[in-house]
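This is a predicted model, so every value here is computed, not measured.
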Amino acid sequence: IIDGNKLISSVSRSLAIVNTYLKPGNHIIQANYIKNDYYNSSSTSQTITMDRETPTVTIIAGNIEYGQDLHVKISVTNIIGQTINVPVTVEINGRKYATNEFDVSGLNPADYTINVQTALTDEYNAKLASKTVTVSKIKPNVILEISDEVIEGENATIKAYLPNDITDT
């Protein structure tokens with residue numbers, strides 16, 4: 001019995017093994033042997049303390065091109081891979097976010113570091129993680145338009161178009 005939850009295991013060669021995940025904190029573990037034709041009942045208990053865990057922080061974000069939104073998702077898990085809910089602070093380009101999933105708009109071409117800090121809780125240590133993403137420049141497709149009728153000795157009209165209303169600044 002662990003914290004009031006009954007776990008059953010058979011005894012083999014005087015040993016019973018139970019595999020279970022124990023969250024950080026105090027736990028009361030009790031072992032009970034049920035009597036049979038040869039042995040009387042027996043029990044013992046012990047309280048153990050599990051230290052705080054250090055969570056795993058995964059930053060899910062990829063490189064983008066200028067003009068696209070950067071989608072950021074933060075995953076925080078315990079040592080057995082279960083998603084845990086701890087407060088996070090995310091910082092990108094000097095701006096802070098307090099949520100696990102969001103979009104960032106208006107980033108200029110450059111490399112950006114995403115810094116994530118989880119909060120210290122009763123069960124989990126604080127954890128810092130970072131990832132660098134790149135906002136790359138776009139290579140626009142230049143479209144040429146040349147008038148069909150070009151007469152020798154006269155000026156030809158040639159137009160070069162850029163998509164998306166690009167203007168030199």
Could you grab the distance from atom [atom1] of [X] to atom [atom2] of [Y], nearest 0.5 Å is fine?
{"X": "I143", "Y": "K159", "atom1": "CD1", "atom2": "NZ", "answer": "13.0 Å"}
{"X": "T20", "Y": "H27", "atom1": "OG1", "atom2": "NE2", "answer": "9.0 Å"}
{"X": "L15", "Y": "S10", "atom1": "CG", "atom2": "OG", "answer": "10.0 Å"}
{"X": "K73", "Y": "H71", "atom1": "NZ", "atom2": "NE2", "answer": "7.0 Å"}
{"X": "I59", "Y": "N100", "atom1": "CD1", "atom2": "CG", "answer": "11.5 Å"}
{"X": "T99", "Y": "K96", "atom1": "OG1", "atom2": "NZ", "answer": "15.5 Å"}

Does [X] belong to the same Ile/Leu/Val/Met/Phe/Trp/Tyr cluster as [Y], with side-chain heavy atoms less than 4.5 Å apart forming each link?
{"X": "Y124", "Y": "I79", "value": "yes"}
{"X": "L22", "Y": "I17", "value": "no"}
{"X": "I60", "Y": "V86", "value": "no"}

Do other residues, nucleotides or ligands put more than 12 heavy atoms under 6.0 Å from the [atom1] atom of [X]?
{"X": "D122", "atom1": "CG", "answer": "no"}
{"X": "L128", "atom1": "CG", "answer": "yes"}
{"X": "N40", "atom1": "CG", "answer": "no"}
{"X": "Y21", "atom1": "OH", "answer": "yes"}
{"X": "I28", "atom1": "CD1", "answer": "no"}
{"X": "Y66", "atom1": "OH", "answer": "no"}

When you compare the side chain of [Y] with that of [X], does any pair of heavy atoms fall below 4.5 Å?
{"X": "I84", "Y": "T77", "answer": "no"}
{"X": "V133", "Y": "I64", "answer": "no"}
{"X": "I48", "Y": "I29", "answer": "yes"}
{"X": "V90", "Y": "I74", "answer": "yes"}
{"X": "D103", "Y": "L70", "answer": "no"}
{"X": "T89", "Y": "V116", "answer": "no"}
{"X": "N32", "Y": "Q30", "answer": "yes"}
{"X": "T118", "Y": "V57", "answer": "yes"}

**Prompt:** In terms of ring plane angle, is the pair Y97 and F102 parallel, tilted or perpendicular, where the classes change at 30° and 60°?
**Reply:**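 The arrangement is parallel - the two ring planes meet at less than 30°.
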Keeping the roles fixed (side chain from [X], backbone from [Y]), state whether a donor-acceptor pair exists under 3.5 Å.
{"X": "R52", "Y": "T121", "answer": "yes"}
{"X": "Q117", "Y": "A126", "answer": "no"}
{"X": "S41", "Y": "K35", "answer": "yes"}
{"X": "K131", "Y": "N115", "answer": "no"}
{"X": "T134", "Y": "S136", "answer": "no"}

Over all heavy atoms of both residues, which pair between [X] and [Y] is shortest? Give the atoms and the distance, please.
{"X": "D51", "Y": "P24", "value": "O-CB, 3.3 Å"}
{"X": "K23", "Y": "M50", "value": "O-CB, 3.6 Å"}
{"X": "G94", "Y": "E91", "value": "CA-OE2, 3.6 Å"}

**Request:** Report yes or no: do N26 and T47 form a side-chain donor-acceptor pair below 3.5 Å?
**Result:**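 There is no such pair between these side chains.
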**Message:** Which residue in the set V104, N93, N108, L107 passes side-chain contact (heavy atoms from CB on, under 4.5 Å) when paired with V135?
**Reply:**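 In the set V104, N93, N108, L107, the residue that makes a side-chain contact (heavy atoms from CB on, under 4.5 Å) with V135 is L107.
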**Request:** Please report the C-alpha distance between D111 and T132 in whole Å, then the side-chain angles of each, then the deciding distance to 0.1 Å, and finally whether the side-chain hydrogen bond (donor to acceptor under 3.5 Å, both in side chains) criterion is met.
**Result:** CA-CA 7 Å; D111 289 334; T132 300; over 6 Å; no
**Request:** Please go through I1's hydrophobic cluster and name the other residues, only I, L, V, M, F, W, Y counting, with side-chain heavy atoms under 4.5 Å joining them.
**Result:**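 Besides I1, the hydrophobic cluster comprises nothing; the residue is isolated.
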